[in-house]
Each structure stands twice: as C-alpha cells, then as structure tokens.
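One structure below.
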Amino acid sequence: MRSGIANRAIALAVLLVAVGAAAGLAVWKHTVTFAAAAPQPQARSAPVNTVLRACPAPGLAGAPGSQVALIAGPGTTGAGRAVVTRIGVSTGAPLASVTQPGALTVTGVHAVQVATHGKTAQGKTAQGKTAHSKKPSPASTPSPAPTSQPVATVPASGGVVIQASGAMARGLEAEQVLPGGKVSARCGGPGTDFWFVGPGAFSVPHIRLFLMNVGSQPADVDVQAYTDAGPLQGSTDTGVAVAPHAMVTQSLDKMLHGTRMVALNVRTSVGQIVAAVEETKGAAHSGAWLPESGTPGTRVVVPGMPPTAGTRQLFVTVPGTQNAHISLSAVTSKGSYHPTGGGGLDIPGGSVAQLSLSSLSAVYGALEISSNVPVTAALLAPGGQKGTPGAFTGATPALQEQGVVAANVSGGGAVSSLVLSAPWRAARVRVTEVGAGGGQGSAAPGKVILIQAHHSLLQQLAAPAGTRRGSPFAVIVTPLPGSGPLYAARVLMGSGRGGALQSVLPVSSALTVVPLPSVRDELVTPGR
C-alpha cells in the first residue's frame with residue numbers, strides 16, 4: 001500500500017517538474033524573441049554644429065595688412081555664427097562676426113608686437129661643439145649625426161581663432177591672407193597628431209614652430225624630428241606646455257642645425273593643439289608655411305603638382321623602424337606613369353629622403369606614393385614669395401563631401417587654377433565660384449567636370465560676374481555621387497606665358513555632416 005502511494009507521489013513530482021521546466025522554457029524563449037526584435041533605424045550621420053579654426057600669423061608684427069578669409073559652405077540652413085577673435089583675448093569687440101552661410105568674408109588683422117619672455121636655453125649637443133668653416137656640398141655630404149639641442153618656448157601673440165556654431169560651422173574653411181589677397185596658409189583645426197615634411201636648416205636656416213591651444217584644457221606637446229641621418233634622439237623638445245587659449249612659438253634653428261631634410265611629428269599626450277611650421281630663408285622676409293602632411297599610410301597622394309617649369313623636390317619620411325620600398329606614379333593630363341627615378345626606391349626606417357624629379361618639370365598633376373610600410377610626404381616646386389624656399393604641397397586625403405578654398409584671386413597679374421586628379425577611377429566634380437560678401441546670389445553657375453581615370457585636369461578659375469575687380473572669391477569643389485576618389489589643390493601663378501608659381505594650397509574636406517559609428521544589438525543575460 002505504502003509502495004503504491006510512494007509511486008503516485010513520485011509520478012506527481014515528476015509531472016510538476018516537467019510543467020515547471022516547460023514554463024521556464026516558454027519564459028526563456030519569450031525573452032530571446034524580445035531581444036531579437038527588428039532593430040530601430042539608426043542615424044548614420046549628424047550635422048556639424050561646432051568648429052574651431054586657428055591661424056598663427058595674421059597680426060604678427062612685420063606683417064601689416066594681413067587678413068583672414070572665411071566661408072561656410074553654401075546650401076546650409078538655420079541660424080549660425082562665426083566669430084573671429086585674437087587668440088587669448090577674451091574682452092573687447094571681435095574682429096568679425098559672420099552669420100550668413102555661403103558668404104565669403106575677408107577681415108583685416110592689425111599687427112601687434114610679439115611678446116618675447118625668457119631667454120633661449122643654452123647647451124651643448126650630445127657630440128659637443130662642432131666647427132663649421134665652410135658649407136659642404138649637399139650632393140656628397142649627408143646631414144650630421146642626429147643630436148639634441150635645448151629649445152626655448154616663447155609666448156606669442158598675433159594669431160586668431162575662428163569659433164563657428166550652427167549653420168556657420170558646416171563646411172567652414174578659413175585661411176590667412178597676405179596683402180594683395182594671396183593665401184599664405186590654411187587655418188587648421190585642433191588635433192593630437194600632426195606631420196610636417198620639408199627641407200632642413202642647411203638650406204632654410206630659419207624654421208619656426210607655432211603651437212596654438214584654442215581649448216579650455218592645458219595641452220602637453222612632444223616634437224619628434226626625423227632627418228636623412230635618422231631620428232633626432234634625446235631631444236629636449238618634449239613636454240612643451242601650452243596653456244588654454246594661448247599660443248607659443250619655438251625656433252628650431254639650433255635643434256635642426258645642419259639638417260638637409262626634416263620631418264616633424266607634433267603630438268600631444270594631454271589636450272589638443274593646432275600646429276603650424278614656417279620656413280624662411282632670410283630673417284627679413286616672411287616665410288613659407290609647410291602644409292600639414294597626411295597621416296602616414298602605405299598609399300598616399302600629393303596633389304597640386306603645378307604646370308610651371310622647374311625640378312620638383314619630393315620629401316618622403318618613414319616614421320617606423322622598418323625600411324620602406326617605395327614606387328612613384330605621376331598622375332598627369334596624359335595618364336599615369338612611373339617618372340624617371342621614381343621606381344624601386346629604398347628608404348631606411350626612421351629617416352627622410354629627398355628625391356629630385358626633373359623629368360616632371362612643367363607637368364601638372366599629382367604624385368601617388370606606394371610603399372610596403374606607412375610613409376608621408378611633401379612636394380616643393382620652384383617659386384613662392386620672396387624669402388621662401390619655394391611653394392609646398394603635402395600628402396592629403398581624398399575629398400569627402402566637398403572641399404573649399406576661401407580666398408582666390410584673378411587678374412592683376414595673377415591667375416588661380418585647380419589641379420584635379422583621379423588616380424584610380426574616373427571622378428565627376430562640380431566647381432562653383434562664390435564672390436566676396438555674396439552668398440548664393442553671387443555664385444557663378446557650377447561647372448560639372450569629368451576627370452578620366454588615372455588622369456589629372458587643370459581648371460582655371462574666374463570670379464563670378466558682378467564681383468568687384470581685384471576682390472577675392474571662394475571656390476567650392478564637390479565630388480558628385482558615383483565619383484571615384486578625387487584629389488585637388490589650388491595653384492596661384494603669374495598670368496601670361498611662363499608665369500611664375502606663387503603658391504599651392506591642397507584642398508581639404510569641409511564637412512557639413514559627420515558619420516556616426518554603427519551600434520549593434522547585444523543579448524545581455526539578466527542578472528549580469
């Protein structure tokens with residue numbers, strides 16, 4: 001009897017366990033089904049709402065008549081404002097306040113005296129003092145062995161900051177302009193890693209670094225120099241402090257003494273800065289601003305090789321320890337090819353090499369550099385303003401969305417042109433000129449241009465109808481849907497046959513929206 005009752009109790013317990021298990025499975029299945037529901041649509045981009053730019057030179061003593069040109073890409077809507085002020089100045093009226101997207105504004109900056117506090121640090125190099133009775137031949141003697149020189153940091157004034165918000169932040173471009181409307185440099189944005197490549201102090205004796213902190217957080221900066229003899233080891237140019245809303249300068253003449261070619265990697269361990277480098281042949285002249293060279297990669301493009309005559313000098317740096325094996329392709333109006341002296345080149349890791357490309361004299365286009373390890377580069381062409389080593393252009397990413405050059409000139413003995421290059425697939429682009437102070441009403445009808453695959457094209461620019469003679473104008477470069485990668489630079493030359501090269505300005509992307517990272521669904525176990 002007891003055995004039968006026990007059996008019935010066991011059977012009932014088994015039934016209850018089975019029912020409970022089934023219920024648990026149902027609940028578990030319901031939870032999984034809920035977590036795997038169709039995802040909600042996600043925004044892939046967001047409009048740009050805040051932009052900062054900084055220009056190092058406008059207003060410096062010795063540069064009277066300097067200006068700042070700025071424009072926000074046309075086609076944006078809504079309220080916005082761009083305010084131009086002196087760096088470090090929180091009181092008083094701004095230099096300019098702009099509220100109209102698509103309008104080119106050029107504002108003057110009166111010169112101020114540069115503050116010079118502190119004494120230049122003195123010290124011997126790691127090798128001691130070296131006598132230089134005469135200059136050795138550049139062709140036969142490499143740079144001296146890498147050494148260290150103390151570098152003085154000097155507080156400075158004269159730069160300006162552009163703070164843009166809302167519609168004025170979308171597609172914003174700003175440039176510092178010399179008297180006569182000629183652009184000297186692009187005004188950069190804050191970052192943590194910058195590269196500059198060019199000739200060393202042997203041929204350009206004055207090299208000056210500008211560090212601008214436009215944020216509210218202190219910045220700590222390190223500067224690593226590479227030469228043709230290798231990295232400059234043991235440099236004391238580390239831990240450079242830049243206070244919020246301040247600009248400092250450093251003369252690198254002693255640090256880079258005797259170098260024939262140099263690459264500077266300016267990076268921060270704390271905060272962000274805007275970096276700029278000026279090279280000058282003589283102290284009495286304004287110098288050439290090195291363009292920022294793009295992040296090192298195994299395939300980089302240097303746009304803006306001008307149509308003027310003269311040997312091009314290509315400077316290539318290999319930041320890592322592994323040697324680079326590189327090849328060059330010239331992307332020209334007649335197609336892409338390996339120029340003389342541009343194939344199978346080996347460059348030691350941690351160094352800079354200079355390549356003379358005489359076969360590309362008077363050939364316009366772009367240079368594509370392919371390498372087994374990351375490299376970056378800059379190109380020097382004969383010309384430029386008085387006191388400069390020439391006109392520079394640097395490795396630049398392909399245009400995304402649009403590119404803008406704020407200040408161009410036409411007439412008065414000068415002509416502005418675009419060098420457009422499509423290294424791989426064909427590119428379609430719209431080029432639109434915009435007059436000063438106008439907006440959409442002062443814009444010339446955009447021209448749609450096709451650049452064949454592996455080719456470059458030279459497009460002369462002209463001020464829109466109704467623009468006052470001698471006034472600067474902006475140009476908007478917009479790759480069209482389906483276009484292959486497009487690289488562009490603005491070249492300024494003297495008018496007429498054989499006009500001298502005055503400047504080259506790589507065209508950078510001026511975004512109105514920024515991409516957002518994708519978010520993926522996750523199954524999270526309850527209780528964890």
Side-chain angles (χ1 to χ4, degrees), residues 58 65-76 82 84 96 98 100-109 168 171-187 303-304 306-308 364 383 385 391 399 402-420 429-449 451 457-479 488-497 499-508 510:
S66 58
Q67 300 172 313
V68 172
L70 68 94
I71 183 174
T76 57
V84 184
V98 184
Q100 184 182 358
L104 173 61
T105 299
V106 182
T107 183
V109 183
M168 282 301 301
L172 180 75
E173 176 65 15
E175 294 148 11
Q176 55 189 36
V177 183
L178 296 171
K182 299 171 183 177
V183 172
S184 63
R186 179 175 180 265
C187 301
T308 51
Y364 68 83
Q385 303 297 316
L399 286 181
Q402 65 180 1
V404 180
V405 179
N408 305 275
V409 294
S410 182
V415 58
S416 295
S417 302
L418 286 175
V419 177
L420 304 170
V429 59
R430 178 180 290 110
V431 175
T432 307
E433 292 105 336
V434 181
Q440 295 287 0
S442 69
K447 298 179 285 291
V448 175
I449 301 169
I451 303 96
L457 183 144
L458 184 69
Q459 178 66 39
Q460 186 170 328
L461 301 174
T467 302
R468 189 175 64 186
R469 181 178 176 83
S471 295
F473 60 95
V475 60
I476 316 294
V477 183
T478 309
R490 197 287 317 275
V491 296
L492 179 63
M493 301 173 291
S495 60
R497 187 183 179 118
L501 176 65
Q502 298 182 17
S503 68
V504 181
L505 188 70
V507 181
S508 298

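In this chain, numbering begins with 1 at the start of the sequence shown.
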Find out whether [X] and [Y] are in side-chain contact, i.e. whether some heavy atom of one side chain is under 4.5 Å from a heavy atom of the other.
{"X": "P307", "Y": "M493", "answer": "yes"}
{"X": "Q385", "Y": "S503", "answer": "no"}
{"X": "T432", "Y": "T478", "answer": "no"}
{"X": "M168", "Y": "L70", "answer": "yes"}
{"X": "Q402", "Y": "R430", "answer": "no"}
{"X": "L461", "Y": "V431", "answer": "yes"}

Could you report the tightest heavy-atom contact between [X] and [Y], atom names first, then the distance?
{"X": "P306", "Y": "L501", "answer": "CG-CD2, 3.6 Å"}
{"X": "V404", "Y": "G171", "answer": "CG2-O, 4.0 Å"}
{"X": "A488", "Y": "L420", "answer": "CB-CD2, 3.7 Å"}
{"X": "V419", "Y": "V491", "answer": "CG2-CG1, 4.1 Å"}
{"X": "E433", "Y": "Q460", "answer": "OE2-O, 4.5 Å"}
{"X": "L399", "Y": "G403", "answer": "CD2-CA, 4.0 Å"}

From N408 atom CG to L418 atom CG, the distance as rounded to the nearest 0.5 Å: 7.5 Å
Gap between atom OG1 of T308 and atom CD of Q502 - 0.5 Å precision: 10.5 Å
Polar side-chain atom of R490 near backbone of A407 as donor-acceptor pair, under 3.5 Å: yes
Side-chain (S416) to main-chain (V409) donor-acceptor, under 3.5 angstrom: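 Here the side-chain-to-backbone pair exists.
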Partners passing side chain to side chain donor-acceptor pair (under 3.5 Å) against E175 (at least two apart in sequence or in another chain):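 So E175 forms no side chain to side chain donor-acceptor pair (under 3.5 Å) with any residue.
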